[in-house]
2 protein chains.
Amino acid sequence: MTRRTGAEDGLATPSADPRHHVADPRARLRAAGLRVTAPRQAVLGVLGEHPHSTADAVASAVRRRLGSVSTQAVYDVLAACVDAGLVRRIEPAGSAARYETRTGDNHHHVVCRSCGATADVDCVVGELPCLTPSDTGGFVVDEAEVVFWGTCPSCAARGADDGAVRPGVRRPVAALHESHHHER
Amino acid sequence: MTRRTGAEDGLATPSADPRHHVADPRARLRAAGLRVTAPRQAVLGVLGEHPHSTADAVASAVRRRLGSVSTQAVYDVLAACVDAGLVRRIEPAGSAARYETRTGDNHHHVVCRSCGATADVDCVVGELPCLTPSDTGGFVVDEAEVVFWGTCPSCAARGADDGAVRPGVRRPVAALHESHHHER
DNA sequence: GCGTTTTCTTGACTCATTCCAGTCTCGGTG
DNA sequence: CACCGAGACTGGAATGAGTCAAGAAAACGC
């Protein structure tokens, strides 16, 4: 797959949500027991400003700040931060992995089918009976991941006319019909 | 990522669940307005017996039945069937896409962190208030996708001892702690 | 300042999936 | 029932996202 390119090619729209901003990268890194290096500070900074960015987008943004940084370094930094719990990694179907600094709460996401734009969705409302699977077939579940699919405001605006919802996103037909939400 | 290899390398364990079995591939294809070809019948047959298999696994299984079939053909068939609503495609983070013939109901899945084994989870119990995001930030949501992460029976059995939950599966730390299920 | 240990740079390489161009075949027609 | 054309399949090259590995370059504890 990986058709969806995203209007904003991986570099997510700047966010004003304070929950993403990384107050002091340096302190954060140190607290997590990680060495403080320029690439790491930059990565955290970038992710704070652009949550849900792809590794590639992060790399570009980081280079814009520091000059030159190897792609591998970015992957390493991201992996290290994910392991340390400073960064969360999400992998919406059909797009490259995206990263964000808002960790600790297991919030969910809405992803635009046509451009890939991603936004946070605070823990779903109400109780969570439905996040307790009925029968797990013996699996020991430790996490429930939820991804909402739809259309972002801007795509809805354009899309409404051009109608051509970007192809490559399979699942429309079926999905749009018997929508899971309503039926049971 | 894509570290998780899976004990059962993509070819899912045979399923007895009737909801996956494809009664008459030929009829199904015809009904969907698709041409009836050997590769297509074989793919549907294989998927009926091994739900949640990867494209690669499907290809091998199909070749075992028909002799030689190009990889491309398998991808084409899968895509055609997905478009026609005969097959559903799921993409658990960290593994190649998996396919299943149980469509129409938007059921969910449990995925084993260590071996990638996947099982169905019937529509979550109770009402679905929690599948109605609180604030979608303007997105028009048309589908809620849920993936449960955990450990499958066999891995739990082995794993308990060797302790070495296969690496590469990031998210453990945070996830295991403030588990979304309970809090909030 | 120094030595370790960890991180970064380079560059080759894998994997899943897609793109292309040519050949073959299903299935509606005459 | 032979024929034909749109729609499949074949083979091979190409992409995109990531990973592996070996050596150079920084961090940080002393």
Side-chain angles (χ1 to χ4, degrees), chain A residues 1-6 9-10 25-26 29-30 32-44 53-60 62-63 66-84 89-99 116 167-170, chain B residues 1-6 9-10 25-26 29-30 32-43 53-60 62-63 66-84 89-99 116 166-170:
Chain A
M1 182 89 316
T2 312
R3 176 69 58 73
R4 193 182 302 113
T5 323
D9 57 344
R26 190 162 320 204
L29 287 166
R30 199 152 271 144
L34 294 177
R35 283 193 181 178
V36 178
T37 69
R40 291 184 174 179
Q41 297 183 68
V43 166
L44 288 183
S53 298
T54 62
D56 191 57
V58 170
S60 309
V62 166
R63 292 194 187 104
L66 306 179
S68 116
V69 177
S70 72
T71 302
Q72 188 56 44
V74 173
Y75 275 105
D76 285 350
V77 169
L78 287 172
C81 289
V82 170
D83 285 344
R89 170 191 177 122
I90 58 176
E91 266 177 87
S95 106
R98 283 159 187 275
Y99 303 81
V169 179
R170 303 293 159 50
Chain B
M1 184 83 327
T2 310
R3 176 67 60 70
R4 193 183 304 111
T5 322
D9 59 345
R26 188 161 324 204
L29 288 166
R30 198 152 273 143
L34 294 177
R35 280 193 184 176
V36 178
T37 68
R40 292 183 173 181
Q41 298 183 69
V43 166
S53 298
T54 61
D56 191 58
V58 171
S60 308
V62 166
R63 292 195 185 103
L66 306 180
S68 116
V69 177
S70 72
T71 302
Q72 188 55 44
V74 174
Y75 274 102
D76 285 349
V77 170
L78 288 171
C81 290
V82 169
D83 285 343
R89 170 192 177 120
I90 58 176
E91 268 177 84
S95 107
R98 283 159 187 276
Y99 303 81
R166 186 162 313 181
V169 180
R170 303 291 158 51

### Query
The side chain of Arg35(A) lies closest to which of these nucleotides: dT17(C), dT5(C), dC9(D)?
dT5(C)

### Query
For the pair made of OH in Tyr75(B) and P in dT15(D), what is the distance, rounded to whole Å?
18 Å

### Task
Give the rounded distance in Å between these two atoms: CZ of Arg40(A) and P of dA27(D).
11 Å

### Task
Measure the distance from CG on Leu66(A) to P on dT7(C) and round it to the nearest whole Å.
17 Å

### Nearest heavy atoms of Gly94(A) and Glu91(B), plus distance in Å
N-OE1, 3.1 Å

### Task
In whole angstrom, give the distance that lies between atom CZ of Arg63(A) and atom P of dC8(C).
13 Å

Taking only distance into account, with no hydrogens and no angle test, what donor-acceptor pairs under 3.5 Å do side-chain atoms of residues 35-44 of chain A form with protein atoms, sequence neighbours excluded?
from     : atom 1 : to       : atom 2 : distance (Å)
Thr37(A) : OG1    : Arg40(A) : N      : 3.3
Arg40(A) : NH1    : Arg35(A) : O      : 3.1
Gln41(A) : OE1    : Arg26(A) : NE     : 3.4
Gln41(A) : OE1    : Arg26(A) : NH2    : 3.1

### Task
Would you mind reading off the distance between Asp56(B) atom CG and dC15(C) atom P, rounded to a whole angstrom?
10 Å

## Note on the structure
Checking dG18(D), dT19(D), dT10(D) against the side chain of Gln72(A) (C-beta onward), the nearest is dT19(D)

### Side-chain N,O (Arg89(B)) to OP1/OP2 (dA16(C)) below 4.0 Å
no

### Message
In this structure, how many angstroms lie between the P atom of dC20(D) and the CG atom of Asp76(A), rounded?
### Response
11 Å

### Message
From CG of Leu29(A) over to P of dA26(D), roughly how many Å is that when rounded to an integer?
### Response
19 Å

## Note on the structure
Correct closest heavy-atom pair for Ala73(A) and Val69(A) would be CB-CG1, 3.9 Å

### Query
Within the structure shown, what part of the strands sits under 4.0 Å from Ser68(B) by heavy-atom distance: base, sugar-phosphate, or nothing?
sugar-phosphate

### Query
Taking the side chain of Val36(B) as its heavy atoms from C-beta onward, which of dG27(C), dT9(C), dA8(D) lies nearest to it?
dG27(C)

### Message
Restricting to non-hydrogen atoms, name the atom on Ala55(A) and the atom on Val74(A) that form the minimum distance, rounded to 0.1 Å.
### Response
O-CG1, 3.9 Å

#### Entry: Atom pair distance, as rounded to whole Å: CD in Gln41(B) and P in dT25(C)
15 Å

### Query
Where do Pro92(B) and Arg98(B) come nearest, in terms of heavy atoms and distance?
CG-CD, 4.2 Å

### Query
Taking the side chain of Ala97(B) as heavy atoms from C-beta outward, which of dC9(D), dT9(C), dT17(C) is closest to it?
dT17(C)

### Message
Heavy-atom nearest nucleotide on DNA chain C for Ala73(A) versus Ala38(B): which residue maps closer to 5'?
### Response
Ala73(A)

### Query
Pick the nucleotide of DNA chain C nearest each of Tyr99(B) and Thr37(B); which residue has the one closer to the 5' end?
Tyr99(B)

### Summary
Residue pair Ala80(B)/Arg30(A) against DNA chain D: nearer the 5' end by closest nucleotide is Ala80(B)

